[in-house]
Amino acid sequence: MNIDLSKDELAFQEEVRQFFAEHYPEDIRRKRNEGITLSRDDMIRWQKLLNERGWFAVNWPVEYGGTGWTPVQKYIFANEMAAINAPPLVAFGVKMVAPIIYTYGSEDQKQRFLPDILASNVWWCQGYSEPGSGSDLASLKTRADRNGDHYIVNGTKTWTTLGQHADWIFCLVRTSSDVARRQEGISFLLIDMKTPGVSVRPIITIEGDHEVNEVHFEDVRVPVENLVGEEGKGWTYGKVLLQHERTNIAGVANSQYRLDRLKEKTAQAIHGGKPLLEDRNFVRKLSALEIELKALEFTELRTLASVAVGAAPGPESSLLKIRGTEVQQSLDALMMEAAGYYALPYIPAQYDLDFPDDNRIGFGTETSTSLRYFNNRKASIYGGSNEIQKNIIAKHVLGL
Amino acid sequence: MDFSLNEEQSMLADSIARFIDTDYDFETRQKIVAGDRSLSENMWRTFAELGWTAVPFSEEDGGLGGGPIELMLMMEQFGRGLVVEPFLANIVLAGGVLRRVADSQQKARWMGPLIEGELQAALAFAEPQARFDLSDIATTAVREGDNYLLNGRKTMVLNGGAASLLVVPARTAGNQSEESGITLFAVPAESSGVTVAAYPTVDSLQAADIKLENVAIAEDCVLGTVDEGYATLCDVINEATLAVAAEAVGIMQTMHDKTVEYSKSRIQFGVPIGTFQALQHRMVDTMTECEQSRSLMYWCVMLNQAQDVSARRTVSALKYQVGTAGIKVAREAVQIHGGMGVTWELDIAHYFKRITAIDLMFGNADYHLDRFSDLPVNS
Ligand SMILES: Cc1cc2nc3c(=O)[nH]c(=O)nc-3n(C[C@H](O)[C@H](O)[C@H](O)COP(=O)(O)OP(=O)(O)OC[C@H]3O[C@@H](n4cnc5c(N)ncnc54)[C@H](O)[C@@H]3O)c2cc1C
């Protein structure tokens, strides 16, 4: 056991810092720091920039364009990304569907889809949940009926994050109901959103933003070559993907960044008052959270280390999802406390690029803390709710 | 000791409950929130016609002489109905100051119209630097000839955008956080030097940041005694704290009830989600929190009604309770609703936002736990 970074690792860290110092776009930095929503183009530009350096598809096998980094390198990279407050990568392509395609897809599919994901030419979204099938995903009803060399897809997917931007959607669909276990009738299908019969309707979330959608399929014709792997195996593939999603959700480095900023901010006095960080109640809560987060960081490092010698992340990834989202939500709440009354004005337009500075309410971005706080109640619900994660651990880890 | 309500009190609670069930459903509320002016003006007129705006004022002032019990009954119903009408800002806050210290001329000028529902008012108690400290007032009022000149900034002034009367605490003497030296002024919003930046709040109320630059206020607009406004301010905020805490109890109960209902109808894994013990225990916990909060609320209101020496401390106990247990109930409600719980479309999200805002109003749970700890038992 040894906590020091090796000489090579330090050199790597320096290289990453150097690159970010030179290439992190100033306008994106400004938007991130001022809480301004990034456009679709901003996100794509940033991803393309990372890809040009070869640092976008961090976890992919090298043969498809991955980095081949050790867990420690990945950890360093994630921390450096967080340290510059880099935009989170849109996970659906690079972190979700790509691993399914390079693991279970055909040679043809790999060539068709992976390069465009790598280059962020195509935006993907995730079509799993349905109005009647959330936690009980295996009950999903969207049908894909074989008709010659096409599937005819009918049904409704919901909660589709950023579906309004998407070019393609990966779906779990029912290809057969004539099976012993309902999971066996589920297949993994890739669908071009421009196909006739696909329509997208916005769902507005609690803080008033348009982030999720309902996606309808009416007699949508999907070529059979868009089926990934075998018919009826979609459930197995999807589960693997969900485990990737779960480690992804923990967001340790980002939480650390936010905690550090909160500390910095509350150390400053406002107009001659006492800094909030000198308030014993507040500082104790902040410290407790810092301790929890440190533990989580090392739990994640341990998981990464075992993944490096084994295979895909196992059910233990559920633990990271649960605790990671709990920490995020506690941080959100603490930021609300710190903002005080300035958490309450509801002025989303203040986070548009052209909002006049003179009209700003608050000292900085306090009025955005509530937007984030309310929105992020989702964290314990999506990606498999935290209750479902506990069920998974109970069953598959504890054998109950 | 008696928990029962008298006849007038029952009637008051029933009439508001009926109004909410028939005339103030969530859809109507959302129309008001979306900016339907005539609908909200109508609502406020109705509030006045039904006599609700008169409840806390004394009979000789043209009111109904209600006290903490009536306030609790009303606010709990307003919480249940997620009412956005400015009862708190007009009647409890601005009206609370007027009713306590206004002279007869001032009452005729402002309080009468307020009770009639014709005047909109606000109390500008918060300043940007002050956090929850009511005595931290940097706004100054300097005597100049027959007038006072007011300078300073106020934030989160509830109803500040609509108000034509602003009740403004300002410093006529002393240092920034001193309790003495604070004077309450009635400031007409159209006075020159008043700049109002109005905005909606996350819980769909209306508020404003207000700048005062050399605002000249006549002497007859001083409310109460010069330099001695702090005690009044504390009394009013104490009552307002009780009011929002009662509102929070109404919200908690509603969120809990709706969640239990939802858990009986939402099917996953072939059964209602309410059959999962992991959720059942949590709903039993939220029920317990609702009952505990209601108990504290009755204790608090009874002691306030009796004007007991520890009345103020009990308000802090209650506010702490709804800021902790209340938030817990609200979070569970959202969580158990799954994705639906975080949609704009469903009322649950809006109850959640309101109770979150209530925790921050007039001091959060930490602030009130400190106050409860620090106040002597007999104070
Ligand atoms: C903002 C947001 C973004 C999302 N993005 C996507 C996306 O891009 N693509 C996609 O496919 N999906 C997405 N989802 C959907 C998400 O995965 C589901 O919301 C989630 O699986 C929960 O399903 P549900 O909302 O139907 O809740 P339900 O399944 O109805 O659950 C309601 C409550 O019951 C609990 N519960 C259910 N079953 C059990 C049990 N057996 N034991 C104990 N408790 C139980 C749940 O934990 C929850 O608290 C998103 C959701 C949100 C809120």
Side-chain angles (χ1 to χ4, degrees), chain A residues 129 131-139 158-159 203-209 212 269-274 276 279-282 285 329 333 336-337 339-347 350 359-363 367 370-371 373-378 380-382 385-388 390-391 394, chain B residues 126-133 136 138 153 155-156 158 176-177 197 199-205 207-209 266-271 273 276 278-279 282 327 331 334-346 348-350 352-353 356-357 359-361 363-367 369-370:
Chain A
S129 308
S133 307
S135 299
D136 182 18
L137 194 56
S139 69
T158 193
W159 309 121
I203 298 174
I204 304 303
T205 37
I206 176 166
E207 82 292 3
D209 218 354
V212 289
I270 296 173
H271 291 244
K274 203 173 81 163
L276 189 57
D279 179 330
R280 208 62 197 147
N281 293 321
F282 185 81
K285 281 192 258 189
Q329 291 178 338
M336 288 281 280
E337 272 189 45
Y341 283 133
Y342 278 125
L344 300 182
Y346 178 61
I347 320 172
Q350 196 157 302
N359 296 359
R360 262 172 201 283
I361 301 290
F363 303 107
T367 62
S370 52
L371 303 179
Y373 171 84
F374 292 127
N375 173 278
N376 207 38
R377 297 315 302 175
K378 72 187 176 189
S380 48
I381 296 168
Y382 68 16
S385 73
N386 286 10
E387 289 75 27
I388 294 301
K390 287 183 188 176
N391 287 349
Chain B
E127 296 199 357
Q129 79 290 347
R131 213 167 153 75
F132 307 126
D133 182 357
D136 185 342
R153 273 172 169 275
T155 189
M156 262 304 285
L158 287 168
Q176 189 171 319
S177 274
Y199 43 75
T201 55
V202 291
D203 47 347
S204 306
L205 301 187
D209 271 33
R266 173 68 175 169
I267 309 284
Q268 289 290 279
F269 303 99
V271 292
I273 57 172
F276 301 127
L279 300 189
R282 283 157 57 180
I327 295 291
R331 285 183 184 159
V334 168
Q335 182 70 19
I336 292 173
H337 275 80
M340 287 307 294
V342 292
T343 60
W344 187 275
E345 196 184 319
L346 204 70
I348 284 292
H350 300 273
F352 182 69
K353 290 192 278 188
T356 304
D359 177 37
L360 282 175
M361 283 317 291
N364 64 359
D366 273 354
Y367 173 87
L369 188 57
D370 276 348

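Below, each value reflects all heavy atoms present in this structure, side chains not excepted, and no hydrogens, waters or symmetry copies. Sequence lines set the chain letters: A, B, ... in the order given, protein chains first and strands last, and positions in each chain run from 1. Note that the structure is a prediction, hence the values are computed from the model and not measured.
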Can you tell me which portion of [X] sits under 4.5 Å from chain B's heavy atoms? Options are side chain, backbone, both or neither.
{"X": "A:Lys390", "result": "neither"}
{"X": "A:Ile203", "result": "side chain"}
{"X": "A:Ala343", "result": "both"}
{"X": "A:Glu207", "result": "backbone"}
{"X": "A:Thr367", "result": "neither"}
{"X": "A:Leu276", "result": "side chain"}

Shorter than 4.5 Å, heavy atoms on both sides: which option in [options] has the most such pairs with chain B?
{"options": "A:Leu344, A:Val212, A:Asp209", "value": "A:Leu344"}
{"options": "A:Asn359, A:Ile361, A:Ile347", "value": "A:Ile361"}
{"options": "A:Ser139, A:Ser370, A:Gly132", "value": "A:Gly132"}

Determine, stepwise, if the pair B:Asp359 / A:Met336 fulfils side-chain contact (heavy atoms from CB on, under 4.5 Å). CA-CA 10 Å; B:Asp359 177 37; A:Met336 288 281 280; over 6 Å; no
Of all heavy-atom pairs between [X] and [Y], which one has the smallest distance, and what is that distance?
{"X": "A:Pro345", "Y": "B:Val202", "answer": "O-CG1, 4.3 Å"}
{"X": "A:Tyr373", "Y": "B:Ile327", "answer": "OH-CG2, 4.4 Å"}
{"X": "B:Arg331", "Y": "A:Ala333", "answer": "NH2-CB, 3.6 Å"}

Measuring heavy-atom distances to chain A, does [X] have an atom under 4.5 Å in its side chain, in its backbone, in both, or in neither?
{"X": "B:Asp203", "value": "neither"}
{"X": "B:Ala207", "value": "neither"}
{"X": "B:Arg282", "value": "side chain"}
{"X": "B:Asn364", "value": "side chain"}
{"X": "B:Thr356", "value": "side chain"}

Leading residue by heavy atom contact count with chain A [cutoff under 4.5 Å; candidates [options]]:
{"options": "B:Met340, B:His337, B:Met156", "answer": "B:Met156"}
{"options": "B:Leu346, B:Val342, B:Thr343", "answer": "B:Val342"}
{"options": "B:Met361, B:His350, B:Glu345", "answer": "B:Met361"}

When you look at CZ of B:Arg153, are more than 12 heavy atoms from neighbouring residues, nucleotides or ligands closer to it than 6.0 Å?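 Not buried by this count: 12 neighbours or fewer within 6.0 Å.
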Side-chain contact test, heavy atoms from C-beta onward, threshold under 4.5 Å: evaluate it for B:Pro128 versus A:Tyr342 and give yes or no.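 A side-chain contact under 4.5 Å exists here.
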Quick check: do A:Arg377 and B:Phe352 have side-chain heavy atoms less than 4.5 Å from each other?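 Contact flag for A:Arg377/B:Phe352 side chains = yes.
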Would you check if there is a donor-acceptor pair between the side chains of B:Tyr367 and A:Asp279 at a distance under 3.5 Å?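 On atom types as modelled, these side chains do not qualify, holding no pair under 3.5 Å.
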Between A:Ser385 and B:Gln335, is there a side-chain donor-acceptor contact under 3.5 Å, judged purely by atom types and distance?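 Checked: B:Gln335/A:Ser385 side chains show no N/O donor-acceptor pair below 3.5 Å.
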May I ask you to decide if A:Ile206's main-chain N or O and B:Lys353's side chain share a donor-acceptor pair within less than 3.5 Å?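 Between the backbone of A:Ile206 and the side chain of B:Lys353 there is a qualifying donor-acceptor contact (under 3.5 Å).
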Using a 3.5 Å distance criterion without hydrogens, assess whether the side chain of A:Asp136 forms a donor-acceptor pair with backbone atoms of B:Phe269.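 At least one qualifying donor-acceptor pair exists.
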Can you check side-chain contact (heavy atoms from CB on, under 4.5 Å) on B:Glu127 and A:Tyr341, steps first, answer last? CA-CA 9 Å; B:Glu127 296 199 357; A:Tyr341 283 133; over 6 Å; no
